[in-house]
Amino acid sequence: MDRYLVFGHPVRHSKSPFIHTLFARQTQQELEYGLAEPAVDQFAQALRTFFAQGGKGCNVTVPFKEQAFTLVERLSPRAKRAGAVNTIKLTDDGVLLGDNTDGAGLVADLKSHGVTLADSRILLLGAGGAARGALAPLLAELPSELVIANRTHTKAQQLAAEFCDLGPVTAQTYEQLAGPFDLVINSTSASLQGELPPLAPALIHTDIAIYDMMYGASDTAFISWAKQHGARQTMDGLGMLVEQAAEAFTVWRGIRPGTKQVLRELKRNLGVI
């Protein structure tokens, strides 16, 4: 049976085995999917061993995405732009192909919620790996402007300069931000600690769409804050998790699984519904 894994540290909380088991059942694919939590300095060896022992593909999560980028033998165009790899496939000719499905998963989830990206003004909070993976797919949707804001402004400037060939992307400090924005995406990990990015409440209005890449059984700190200040459409990253997994499954198996029922099952598993 074909074997797949998700590598991370920590990774025991991961819902990827649950998601991919449902995908396999839905598409009648014979595979097994497990977890691997090597020590931070043992990832490269663990990855090589997995494929040497017959592994077909894997997902890669924190903190290994940038390291995976350097370990694969071939990169997809979107992985090159992202500078990080979250999906690896052993190709038919024995080459390790690195891909990045995070941005595609984000865009797919936004569209599933009816969010219009074309001609919209988007604010992206954060300038780390999650933001980097999202930029090219977001800009491909032709927004009128995409603004990056980050606590360390120079990082936002560097990211904007790197992606400015793809569309109208700029960097601003949190103090410089002026509305209105149609969509705010929080790519920071602040919600994991129950913290908030330093965003002015005045930027929130009733018609804005708020997206937090983090998720949990209840609203994240950022979503709760946005609701308190009048945002009516708020979304967490659970749908993105399922959509990027579907994209990875397609890379591995050449068949696209449906996501709606899997997302419902995942919410039920987490106690969200």
Side-chain angles (χ1 to χ4, degrees), residues 15-16 19-20 23 59-61 65 75-87 98-149 159-160 162-170 181-189 191 207-215 220 222-223 226 231 233-252 255-263 266-267:
K15 293 300 179 183
S16 291
I19 293 168
H20 284 286
F23 284 161
N59 290 124
V60 182
T61 188
K65 291 182 183 183
L75 291 164
S76 72
R78 57 189 178 184
K80 286 181 183 177
R81 289 303 311 226
V85 161
N86 80 327
T87 301
D99 201 350
N100 191 304
T101 66
D102 285 333
L106 169 64
V107 168
D109 192 37
L110 285 166
K111 289 182 175 181
S112 76
H113 283 95
V115 176
T116 299
L117 298 173
D119 296 321
S120 64
R121 190 163 186 251
I122 301 173
L123 173 58
L124 179 62
L125 308 179
R132 175 180 289 275
L135 273 168
L138 285 171
L139 289 168
E141 296 298 319
L142 304 178
S144 62
E145 184 182 15
L146 195 156
V147 178
I148 306 170
L159 205 54
E162 188 175 334
F163 284 83
C164 66
D165 62 310
L166 297 183
V169 56
T170 60
F181 289 99
D182 301 299
L183 169 65
V184 178
I185 301 170
N186 180 25
S187 77
T188 76
S189 59
S191 287
D207 294 326
I208 201 168
I210 298 293
Y211 195 99
D212 194 341
M213 289 189 187
M214 301 300 110
Y215 63 88
T220 67
F222 183 63
I223 285 178
Q233 184 176 20
T234 59
M235 301 150 279
D236 69 13
L238 198 60
M240 176 181 172
L241 174 69
V242 175
E243 294 291 350
Q244 67 80 23
E247 188 78 11
F249 193 93
T250 307
V251 170
W252 295 328
I255 184 170
R256 181 92 187 182
T259 55
K260 289 183 179 179
Q261 181 60 35
V262 173
L263 180 56
L266 180 58
K267 286 181 177 179

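Note that the numbering runs from 1 along the sequence shown for the chain.
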What pairs with [X] under side chain to side chain contact (heavy atoms under 4.5 Å, CB included), at least two apart in sequence or on another chain?
{"X": "Q261", "result": "R264, E265"}
{"X": "D165", "result": "R81"}
{"X": "P257", "result": "F23, Q26, T27, A246, F249, T250"}

Would you mind writing out the side-chain donor-acceptor pairs for residues 237-244 within the sub-3.5 Å range, not counting sequence neighbours?
unit_1 : atom_1 : unit_2 : atom_2 : d
E243   : OE2    : T259   : OG1    : 2.9
Q244   : OE1    : N86    : ND2    : 3.2
Q244   : OE1    : T101   : OG1    : 3.1
Q244   : NE2    : L241   : O      : 3.2

Run the side-chain hydrogen bond (donor to acceptor under 3.5 Å, both in side chains) test against [X] and tell me which residues pass, sequence neighbours left out.
{"X": "Q233", "answer": "none"}
{"X": "D99", "answer": "S76, R78"}
{"X": "S16", "answer": "S14"}
{"X": "S112", "answer": "D109"}

Are any of the side-chain heavy atoms of [X] and [Y] separated by less than 4.5 Å?
{"X": "L124", "Y": "V184", "value": "no"}
{"X": "L110", "Y": "L138", "value": "yes"}
{"X": "M214", "Y": "D236", "value": "no"}
{"X": "N100", "Y": "T87", "value": "no"}

Taking it one step at a time, do S191 and N186 satisfy side-chain contact (heavy atoms from CB on, under 4.5 Å)?
-> CA-CA 9 Å; S191 287; N186 180 25; 4.0 Å; yes
Name all residues meeting the ring pair (Phe, Tyr, Trp, His ring centres under 6.0 Å) criterion together with Y211; count only those two or more places apart in sequence or in a different chain, and write none if there are none.
-> none
Which heavy atom in I208 sits nearest to a heavy atom in L183, and how many Å separate them?
-> CG1-N, 4.2 Å
Could you tell me which non-hydrogen atom of G98 sits nearest to which non-hydrogen atom of A79, and how far apart they are?
-> O-CB, 3.6 Å
Criterion side-chain contact (heavy atoms from CB on, under 4.5 Å) on I19 and V262, from CA distance to verdict | CA-CA 7 Å; I19 293 168; V262 173; 4.1 Å; yes
Going by the salt bridge (charged side-chain N to carboxylate O under 4.0 Å, His left out) test, which pairs reach into residues 114-127, not counting sequence neighbours?
-> R121-E145
Please, which pairs that meet salt bridge (charged side-chain N to carboxylate O under 4.0 Å, His left out) have at least one residue in residues 128-137, sequence neighbours excluded?
-> R132-E162
Within the distance-only criterion (no hydrogens, no angle test), does the side chain of S187 pair as donor or acceptor with the backbone N or O of L125 below 3.5 angstrom?
-> yes
Could you walk me through whether V115 and D182 pass side-chain contact (heavy atoms from CB on, under 4.5 Å), step by step?
-> CA-CA 9 Å; V115 176; D182 301 299; over 6 Å; no
Check: T220/D212 side-chain N/O donor and acceptor closer than 3.5 Å = yes
With sequence neighbours excluded, residues passing salt bridge (charged side-chain N to carboxylate O under 4.0 Å, His left out) with K111 | E141
